[in-house]
Amino acid sequence: MVGTIRFRTREACPVCGGTDGHALWQGRLSDPDVQVWLGQFQYSGDATGLDQPFALWRCAGCGMGFHRSIPDEDGLATLYGQWADAAQAARFEVAHLPPAAEADADRRVKIALRLRHLARQTQPDGPLRLLDFGCGAGAGLLAARALGFQAFGVEMSESRAAQARSCGATVCADLAQVEVAAGGGFHAVVLDQVLEHLPDPLALLRRVTEAMLPGAVLFLAVPDCSGLTVPRDFDQFHRLQPLEHLNAFTPATLDRIAIAAGFAPQPAPPAFLTTRPLRALRAMAALLRHPAPADRFYRLPQ
């Protein structure tokens with residue numbers, strides 16, 4: 001039986017701890033438009049039974065956007081352990097994502113290439129250990145392994161973790177377990193589309209630093225919520241989703257939380273998957289003119 005979800009209220013900003021701010025968007029999960037959008041996530045649980053108020057808040061101190069009403073600890077376990085399982089992920093991808101497996105694979109390989117380049121600047125020899133926190137079905141782990149990393153994952157959904165393990169990946173339920181499995185600190189860590197889901201993202205980042213070696217590198221990616229307040233379509237709702245996306249980051253607030261956790265921003269090196277000069281030049285041009293996305297590389301001090 002799929003469980004229900006209960007909620008609690010966050011009184012303070014998850015980045016700076018401030019309590020002053022104002023609501024950008026508020027309502028109830030039972031509002032008709034919200035119910036239509038939630039239905040498109042095709043959860044394995046029944047979101048139509050939720051009648052919970054929500055309020056997307058903007059911190060007056062640091063500008064961070066965050067939902068004040070969020071699932072409690074048991075609710076998050078139900079949401080990601082049962083509602084957002086492997087079957088739900090497959091249904092969502094079929095319904096909403098174009099058939100772009102090659103592009104997604106290229107992206108994951110490019111992330112791993114860049115992390116390897118950055119990690120080798122402080123660890124020129126020997127094996128490199130990578131942690132993918134929130135690894136899902138393990139596609140990022142497979143890309144990292146293909147580039148020579150000893151790759152380890154953390155995944156809350158047991159059904160998705162099982163998918164990753166079926167491909168030979170080492171996946172654990174939490175950081176303490178994966179530290180034991182790895183047998184040493186990590187040279188690189190990936191949190192790709194993770195921080196927006198966490199009730200206390202700063203605490204998680206600080207905990208992650210304890211598992212990393214001095215000078216280790218970090219890749220963060222979150223939905224870019226710049227300029228968004230009340231959603232006007234499904235894409236905007238997805239970024240501000242009050243059931244899952246508890247934090248509404250921008251590039252500036254992503255930098256702010258990483259710096260608060262002890263990281264320094266790190267320019268991303270180029271990562272080409274081809275040696276053909278024209279494609280390489282186009283890739284470089286795209287890097288130079290692309291607006292600041294909400295994904296970044298960071299490094300711990302040595």
Side-chain angles (χ1 to χ4, degrees), residues 76 80 84 86 88-90 92-93 96-97 100-119 128-147 149-157 160-161 163-164 167 169-175 178 186-198 201-202 204-205 207-209 211-212 216-225 235 238-239 241 244-251 253-255 257-258 261 263 265-266 268-269 271 273 290 292-300:
L76 288 171
Y80 294 114
Q88 182 270 339
F92 184 86
E93 289 172 4
H96 298 289
L97 301 182
E102 182 177 351
D104 183 64
D106 282 358
R107 175 181 178 271
R108 295 179 188 279
V109 171
K110 287 179 179 180
I111 292 169
L113 279 169
R114 290 182 167 116
L115 287 171
R116 186 178 67 180
H117 176 86
L118 293 170
L128 293 173
R129 289 181 295 276
L130 175 142
L131 169 64
D132 188 343
F133 190 100
C135 65
L141 293 174
L142 296 180
R145 285 170 55 192
L147 290 169
F149 281 102
Q150 296 177 355
F152 302 84
V154 169
E155 176 55 46
M156 188 173 184
S157 168
R160 303 199 76 192
Q163 287 181 315
C167 299
T170 300
V171 181
C172 301
D174 57 42
L175 267 172
V178 82
F186 294 100
H187 303 89
V189 173
V190 173
L191 285 93
D192 190 357
Q193 310 297 317
V194 171
L195 292 184
E196 67 271 22
H197 297 274
L198 302 178
L202 181 55
L204 185 279
L205 280 180
R207 174 65 182 89
V208 164
T209 65
M212 299 173 71
V217 289
L218 171 71
F219 175 75
L220 297 179
V222 294
D224 186 352
C225 298
D235 174 70
H238 190 187
R239 300 189 201 192
Q241 217 256 51
E244 285 194 63
H245 287 182
L246 314 183
N247 310 303
F249 285 98
T250 66
T253 55
L254 187 63
D255 280 348
I257 196 171
F263 294 93
Q266 178 74 42
L273 301 185
H290 197 282
D295 57 50
R296 292 283 199 274
F297 291 85
Y298 303 90
R299 191 187 294 276
L300 281 179

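Keep in mind that the numbers below use all heavy atoms, side chains included, and drop hydrogens, waters and symmetry copies. Source: prediction; values computed, not measured. We're numbering straight along the sequence, starting at 1.
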Contacts of type side-chain hydrogen bond (donor to acceptor under 3.5 Å, both in side chains), residue [X], not counting sequence neighbours:
X	value
Arg116	none
His238	none
Gln163	none
Thr170	none

Show me the donor-acceptor pairs within less than 3.5 Å that the side chains of residues 130-137 make with the rest of the protein, sequence neighbours left out.
none

Got a sec, which residues hit side chain to side chain contact (heavy atoms under 4.5 Å, CB included) with [X], two or more places apart in sequence or on another chain?
X	answer
Gln150	Pro127, Arg129, Phe152
Arg145	Leu142, Ala151, Ala169
Met156	Ala77, Tyr80
Leu300	Thr209, Met212, Phe263

Are side-chain heavy atoms of [X] and [Y] found at a separation under 4.5 Å?
X	Y	result
Gln241	Glu244	yes
Pro251	Arg296	yes
Phe186	Val208	no
Leu118	Gln266	yes
Val171	Val154	no
Val189	Leu191	yes

Please identify each residue that fulfils salt bridge (Lys or Arg N to Asp or Glu O under 4.0 Å) with Asp174, with sequence neighbours left out.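 Asp174 satisfies salt bridge (Lys or Arg N to Asp or Glu O under 4.0 Å) with no other residue.
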Minimum heavy-atom separation for Leu220 to Ala258, with atom names?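 Looking at all heavy atoms of both residues, the closest pair is CD1-CB, 4.2 Å.
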To check you understand the geometry: which heavy-atom pair defines the closest contact between Ala84 and Ser157, and what is its length? O-OG, 4.1 Å
Can a salt bridge be assigned to the pair Asp235 and Arg239 using a cut-off of 4.0 Å between side-chain N and carboxylate O?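 Between Arg239 and Asp235 there is a salt bridge, with a charged N closer than 4.0 Å to a carboxylate O.
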Phe297: partners by ring-ring contact (aromatic ring centres under 6.0 Å, His included), with sequence neighbours left out: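 Applying ring-ring contact (aromatic ring centres under 6.0 Å, His included) to Phe297 gives Phe219.
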Roughly how far, to the nearest 0.5 Å, is CG of Asp295 from CG of Asp224?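 That separation rounds to 9.0 Å.
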